[in-house]
Amino acid sequence: MKDVVQLITDGEQNLVVLSAMSGTTNSLIEISDYLYKQNLEGALTCINKLQDKYLGHIAELYSTEEYKSLTTKIVCDIFDRIRSCAKTDFTSREERIIVAQGEMLSTNMVTNYLLEQGHNVQLLPALEFMRTNEDGEPDQKYIQEQLLKQLALYPNKDIYITQGFICLNYKGEIDNLQRGGSDYTASLVGGALCASEIQIWTDIDGMHNNDPRFVENTTPVSHLHFDEAAELAYFGAKILHPTCIQPAQYANIPVRLLNTMDPTAPGTTISNITEHRKIKAVAAKDNIIAINITSTRMLL
Ligand code: ASP
Ligand code: MG
């Protein structure tokens, strides 16, 4: 979180979409699995363990008693909300509430850390503007309208923080944009605001010219067209799901893939610009069977 704060306080006005901390969403899913199986004890053990982990993070992150106790209160309330879902008639409704709490934790913690450091920051609740329609697809018109309304409530902030991944569905229930959905949130939000650029920070330095799982000494590709990026994603580049960046492509906003472990590395920029006659990457797909059918009688 300390490193993330370095990245987002670069003097630009940024809207920052945060995912949950590493491992948290998986733990929340594990808790839900216990509850589906009516294993309340297993769930509570898991919840307490995760809560202790977060209390440890609070002790390390903040330097003042004020922010330690303020954040402890928020974090404990979030864990109480998780516990309140631990009941015998556990359904997907409760699961979705539990799974949403990872982003609630991360965004509140980072916002409070920024405040403690004296930054001009505002937390925007994603549930106020992220919504999916009856088909489960993001309602882009609603997202844009509501997001602009939220921003108008807090003008002149240097940094806005919001939750990735989570949303309300058309019934008004808490839902999410599927695993890894924070990239999708970022692309939707960037598109809605006509941002100058969308940056996706992961722990690798962009899309590579070969699959690093099979080929040694691969290098990141500095520039890709949206279609090329989609093609590489299809061939297994797990860094990005192609539908996630569709809103950015439609809004013609470049997407940069950057590496938190090496923030000065150029990464990969994905845009609508094509570099003709240039091979960007080589990829292969295994276990493909081609079936060629010939009929002797071509009737019908
Ligand atoms: N926290 C969510 C997940 O683990 C969303 C994301 O990481 O983008 O799937
Ligand atoms: Mg994630």
Side-chain angles (χ1 to χ4, degrees), residues 1 3-4 7-8 14-34 46-47 49-51 53-54 57 74-75 78-79 81-82 85 92-111 123-127 129-132 136-138 143 147 160-169 173-192 195 198-204 206-207 229-230 233 237-248 255-261 267-268 270:
M1 284 183 175
D3 289 348
V4 166
L7 302 175
I8 63 185
N14 291 325
L15 195 155
V16 182
V17 174
L18 289 180
S19 175
M21 282 182 82
S22 162
T24 296
T25 308
N26 287 345
S27 298
L28 296 170
I29 287 171
E30 194 185 335
I31 290 164
S32 304
D33 286 344
Y34 278 121
C46 214
I47 295 170
K49 210 172 115 195
L50 191 61
Q51 180 165 5
K53 193 165 125 183
Y54 273 88
H57 293 324
I74 296 174
V75 165
I78 291 172
F79 278 95
R81 175 128 206 241
I82 296 174
C85 294
S92 96
R93 198 181 145 264
E94 283 78 27
E95 178 186 11
R96 282 177 278 129
I97 295 174
I98 290 182
V99 167
Q101 302 311 313
E103 275 69 15
M104 294 296 188
L105 289 163
S106 63
T107 49
N108 275 287
M109 288 185 62
V110 169
T111 303
L123 178 59
L124 301 178
L127 299 183
F129 58 88
M130 286 303 296
R131 192 172 78 174
T132 50
E137 298 294 333
I143 292 170
L147 176 59
Y160 298 90
I161 306 274
T162 196
Q163 296 89 17
F165 176 60
I166 66 172
C167 62
L168 292 184
N169 61 24
E173 300 167 338
I174 293 190
D175 214 322
N176 60 63
L177 301 172
Q178 315 280 327
R179 294 306 307 270
S182 296
D183 296 349
Y184 203 6
T185 306
S187 164
L188 288 160
V189 162
I198 296 165
Q199 300 179 347
I200 296 184
W201 289 84
T202 65
D203 51 8
I204 36 177
M207 281 186 158
K238 294 238 162 28
I239 180 167
L240 199 69
H241 194 282
T243 52
C244 289
I245 51 170
Q246 235 166 43
V255 175
R256 288 180 66 200
L257 307 178
L258 296 160
N259 185 1
T260 32
M261 306 292 162
T268 298
I270 305 168

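Order of appearance sets the numbers: ligands from 1, and atoms from 1 within every ligand.
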Checklist outcome for this item: Within the 4.0 Å heavy-atom cut-off, what Gln178 brings close to ligand 1 is neither
Checklist entry - Does Met21 reach the side chain of Met1, with side-chain heavy atoms less than 4.5 Å apart? => result yes
Next on the checklist: Show the atoms of ligand 1 that are less than 4.0 angstrom away from any heavy atom in Phe165.
Outcome noted: 2 (C), 5 (C)
Checklist entry - For Glu173, what residues pass the side-chain hydrogen bond (donor to acceptor under 3.5 Å, both in side chains) criterion, not counting sequence neighbours? => result Arg96, Asn169
Next on the checklist: Gly180 versus ligand 1: do any nitrogen or oxygen atoms come within less than 3.5 Å of each other?
Outcome noted: yes
Checklist entry - With a cut-off of 4.0 Å, which atoms of ligand 1 are near a heavy atom of Arg179? => result 3 (C), 4 (O), 9 (O)
Item to check | Met104 and Arg81, any side-chain heavy atoms less than 4.5 Å apart | outcome: no
Next on the checklist: Test of understanding: with side-chain contact (heavy atoms from CB on, under 4.5 Å), list the residues that count as partners of Ile47, not counting sequence neighbours.
Outcome noted: Ile31, Leu44, Phe79, Ile82, Arg83
Item to check | Exam field: side chain Gln101 to backbone Ile97, donor-acceptor pair closer than 3.5 Å | outcome: yes
Checklist outcome for this item: The side-chain contact (heavy atoms from CB on, under 4.5 Å) partner of Asn176 among Thr25, Thr132, Val99 is Val99
Checklist outcome for this item: The answer for which part of Ser182 has a heavy atom under 4.0 Å from ligand 1 is both
Item to check | Where ligand 1 meets Thr25 - atom numbers and elements under 4.0 angstrom, heavy-atom basis | outcome: 1 (N), 2 (C), 3 (C), 4 (O)
Checklist entry - Does Gly181 come within less than 4.0 angstrom of ligand 1, counting non-hydrogen atoms of the residue? => result yes
